[in-house]
Amino acid sequence: MSDPFDLSSFQPAPPAPPPSTPPAPPPWLEGLNPEQRQAVETTDGPLLVLSGAGTGKTRVLTTRLAYLLHQRLARPWEIMAVTFTNRAAREMRERVGELIGPPAEQLWLGTFHALGARLLRRHAELVDLKSNFTILDADDQLRLLKQLMQAANLDPKRSPPPALMGCIQRWKDRGLTPEAVPTSDRGAMDGFAHRLYGPYQERLKTLNTCDFGDLLLHCLTVFKSHPEEALQPYQQRLRYILVDEYQDTNVAQYLWLRLLAQGHRNLCCVGDDDQSIYSWRGAEVGNILRFEQDFPGANVIRLERNYRSTPRILAAASELIANNRDRLGKTLKSGHAPQSASQGDDDALGERLRVRAVWDGEEEARVVAEDLIAHQRDGGRLSDAAILVRTGAQTREFEERLMTTGLPYRVVGGPRFYERLEIRDAVAYLRLIAQADDDMAFERIVNKPRRGIGDATLKTLHQLARAGGLSLSAAATEVLGSDELKPRAAKALDGFLQQIAGWREVAAETPPGELMSRVLKESGLIDMWRADPDPQAPGRVDNLRELCTALEDFESLETFLEHVSLVMENEEAALGDRVTLMTLHGAKGLEFELVFLAGWEEELFPHRRALDQEGLKGLEEERRLAYVGLTRARRRVTISHAANRRLFSQWQSCLPSRFLDELPDAHVVREGAKGLSGGRAGSFGGGSGLGWDGPSWARPKPDRHIERPTPTPPATRPAAPDGEAAFSPGQRVFHDKFGYGTVTRAEGGKLDIQFEKGGAKKVMARFVVAA
DNA sequence: ATCGATCGATTTTTT
DNA sequence: ATCGATCGAT
């Protein structure tokens, strides 16, 4: 394994790479269209590639990398390719590898954060860190901030820690250290954010830790304060820099790139302003909009030929996004079908987009499931379909439905493996073993499982640590030498320290996976979860096992811990044929044959918060999100909106999203839901408690024309027979929510049912049908 | 030190 | 509905 940042192996490069006879053009240039090819072959100077959805962006990037190497314009370690996500980095490395083989390994290729981290480790001492600094995740960040707030006597009610944290992070995104925060910004959050920012940074340094923002922010500091030592070598070395998803870069990333690119000025940024959906996280669309001013003499190439979606989908997406003002302007053209297709030729244009009105979220999920079953019956694969939602919470109803229907699915971007409670605890053990002064880890696990080390003991340790400038571990050793603790607590603490010390020795001669299983067993963590009656506990035990397996792939504890901090995801288990369920944000960069876009309702999408906080800018970003959603689909788009939705514990009636009005009628077919007004209303059993006064979408609204739903009874739930159907034990039944089950007891209108998924339940007979 | 109950606030997106 | 924080009892 070579470390691209290892300057020790760096020999002053020949002034220019030998411009020997340029090799013949390689075969992989052949398949490119003229614009793509131009984007690959324009190697000199700043270049902006505006790449619309589905126009072969990744292909251009990877081919460009291969081209640079093939033409001997640079050696692998003289090229940096930066991505936004780990997924993109992985994919790029794979695909470049396919083109050029092993040299791909030596490219500086990774996410901003990964590259930033590796760079920073080389120069950590310049910002008062040690090169083995740890990387804090969101959870630890927040805990730390809360501690500081407590020390400063700030009321977490009046100033919510997450909001304060967000504020600090946005400063970091803009490349602002505490001193550099402009006075106009210092009043934010009643001034508390700025008041805490400095101490927060101090604390991080004491702990020899960085948060995510620091990985870039500290780089900038280092670049500026020690250019000759920590910047120029890189500037000279990096002949070419490529950036993916440039529209998502924040100011800090922009500055970082600009500094590194100053040597050779061969900066190639690829992006799409229409897909900028991360402004809330500090991303600056301005970066891409300003590119030509920032880098005078820049070339701009537009990729507009879309090879992914049908003409109808492209037309719909284009018309929708045309409602945005701040854009560089691109028009997606269909890349395949030569325009020979005559206007009325439906086949050539592809299917119309379907817009479907449903009663509520449950029905929404049900119809999607029905469509999926039909799709399967037609020989389609589930893995060709995706359900895209605006917020993570929306996945739940779909999960329930898919589970009861027996359709395999996967949730992308759900609670991630390394973020799970039990995993974080287990990893904290490893962290403490690897680094005794990892106080965050120490605090996290010192009393987990319970070993009688409570708040009182911890408080003593904190005091001592602060007074003596010690880590908690060191303070613990100190305190045991004194008699400050009660014997009982002292004994427990001593036992804990000894255990950790013991594992530390084991770690030296044992592979990480084995170490982990020993720790889990000997610490009692595993037993703790085994003994937990919580229904989720067994799953946690499984996760811990999986963790041990995952650890087998790592050489050392250190490499694993770096992986955990930066990658945060576990290799996905072999998937099989599953439908994908995820948020719109998570879907960027992916494509599917069939796409279901759920929850297109005002307040939810566009999301109310986006509108409240950012006004028009927020709306435009939501619209870009819609654009991203539409352009994920190759063949078929199905949009749904519910008339009612439960938002926290309350029912709310919803209006269809304004985005629906922005889709061209010519390419859309609007459907009412099956059985909406017929069977459904009755199934609420005269429950007028909902205060429903008719489907909101049916209320007259001048510029909307949504058909009234046809009163067809729902396919999966025939109305229950009026004279209470006679169910008897042993009978197989179907319940709308719980799926299939067997009756174990029947008494009047009430049944006991053993469901195949979800266990035993008591259910009113009218809610089930014979299966 | 630990546990349980109660109360209140909180809901976007995540490298 | 779910999560945290807080408080009082054991």
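Here is the naming used below: chain letters follow the sequence lines, and residue numbers restart at 1 for every chain.
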K.L.:
Please report the distance, rounded to the nearest Å, between CD in A/Gln253 and P in B/dT14.
P.N.:
16 Å
K.L.:
Please name all residues satisfying salt bridge (Lys or Arg N to Asp or Glu O under 4.0 Å) with A/Arg609, sequence neighbours left out, ordered by chain then number.
P.N.:
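Here no residue qualifies.
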K.L.:
Is there a side-chain contact between A/Thr85 and the phosphate of B/dT14, meaning an N or O under 4.0 Å from OP1 or OP2?
P.N.:
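Looking at the OP1 and OP2 atoms of B/dT14, neither is under 4.0 Å from any side-chain N or O of A/Thr85.
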K.L.:
If I take atom CZ in residue A/Arg390 and atom C1' in nucleotide B/dT11, what distance separates them, rounded to the nearest angstrom?
P.N.:
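Going from A/Arg390 (CZ) to B/dT11 (C1'), I get 12 Å.
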K.L.:
Taking only residues two or more places apart in sequence or in another chain, which ones pass ring-ring contact (aromatic ring centres under 6.0 Å, His included) with A/Phe605?
P.N.:
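Applying ring-ring contact (aromatic ring centres under 6.0 Å, His included) to A/Phe605 gives A/Trp600, A/Phe659.
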K.L.:
I'd like a table of atom pairs between the protein and nucleotides 5-10 of chain C - only N or O on both sides, under 3.5 Å - with the distance next to each one.
P.N.:
from: C/dA5; atom 1: OP1; to: A/Lys146; atom 2: NZ; distance (Å): 3.3

K.L.:
Remember a base hit wins even if backbone is also touched, and classify A/Ala489 as base, sugar-phosphate or nothing at under 4.0 Å, heavy atoms.
P.N.:
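Result for A/Ala489 = nothing.
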K.L.:
How close do A/Val595 and A/Leu388 get, counting heavy atoms only, and between which atoms?
P.N.:
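Scanning both residues completely, I find the closest heavy atoms to be CG1-CD1, 3.8 Å.
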K.L.:
Let's test your reading of the model: under 3.5 Å, does the base of B/dT2 pair with the side chain of A/Arg450 as donor and acceptor?
P.N.:
no
K.L.:
Sequence neighbours left out, what passes salt bridge (Lys or Arg N to Asp or Glu O under 4.0 Å) with A/Asp494? Give chain and number order.
P.N.:
none
K.L.:
Would you say the side chain of A/Trp280 and the base of B/dT13 hold a donor-acceptor pair, judged only by whether the two atoms sit under 3.5 Å apart?
P.N.:
yes
K.L.:
With a non-hydrogen cut-off below 4.0 angstrom, is A/Gly392 in contact with a base, only sugar-phosphate, or nothing?
P.N.:
sugar-phosphate
K.L.:
According to a strict under-4.0 Å criterion, is A/Ser565 in side-chain N/O contact with OP1 or OP2 of B/dT15?
P.N.:
no
K.L.:
Give me the distance, rounded to whole Å, that separates B/dT13 from C/dG4 when you measure between the C1' atoms they each carry.
P.N.:
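Those two atoms are separated by 23 Å.
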K.L.:
What residues form a ring-ring contact (aromatic ring centres under 6.0 Å, His included) with A/Phe442, not counting sequence neighbours?
P.N.:
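Per chain and number, A/Phe442 pairs via ring-ring contact (aromatic ring centres under 6.0 Å, His included) with A/Phe496.
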K.L.:
Rounded to whole angstrom units, what separation is found between the CD atom of A/Glu621 and the C1' atom of B/dT12?
P.N.:
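Computing the A/Glu621:CD to B/dT12:C1' distance gives 11 Å.
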K.L.:
May I ask you to evaluate whether A/Asn447 reaches the phosphate of B/dT2, defined as a side-chain N or O under 4.0 Å from OP1 or OP2?
P.N.:
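So the side chain of A/Asn447 is within the cut-off, an N or O lying under 4.0 Å from OP1 or OP2 of B/dT2.
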K.L.:
Please report the interatomic distance CD(A/Glu91) to CZ(A/Arg95), rounded to the nearest 0.5 Å.
P.N.:
5.5 Å
K.L.:
What integer distance in Å separates A/Glu399:CD from C/dA1:C1'?
P.N.:
16 Å
K.L.:
So, under a plain 3.5 Å distance rule, would you say the side chain of A/His585 forms a donor-acceptor pair with the base of B/dT14?
P.N.:
no
K.L.:
Could you list the residues that satisfy ring-ring contact (aromatic ring centres under 6.0 Å, His included) with A/Trp529, not counting sequence neighbours?
P.N.:
none
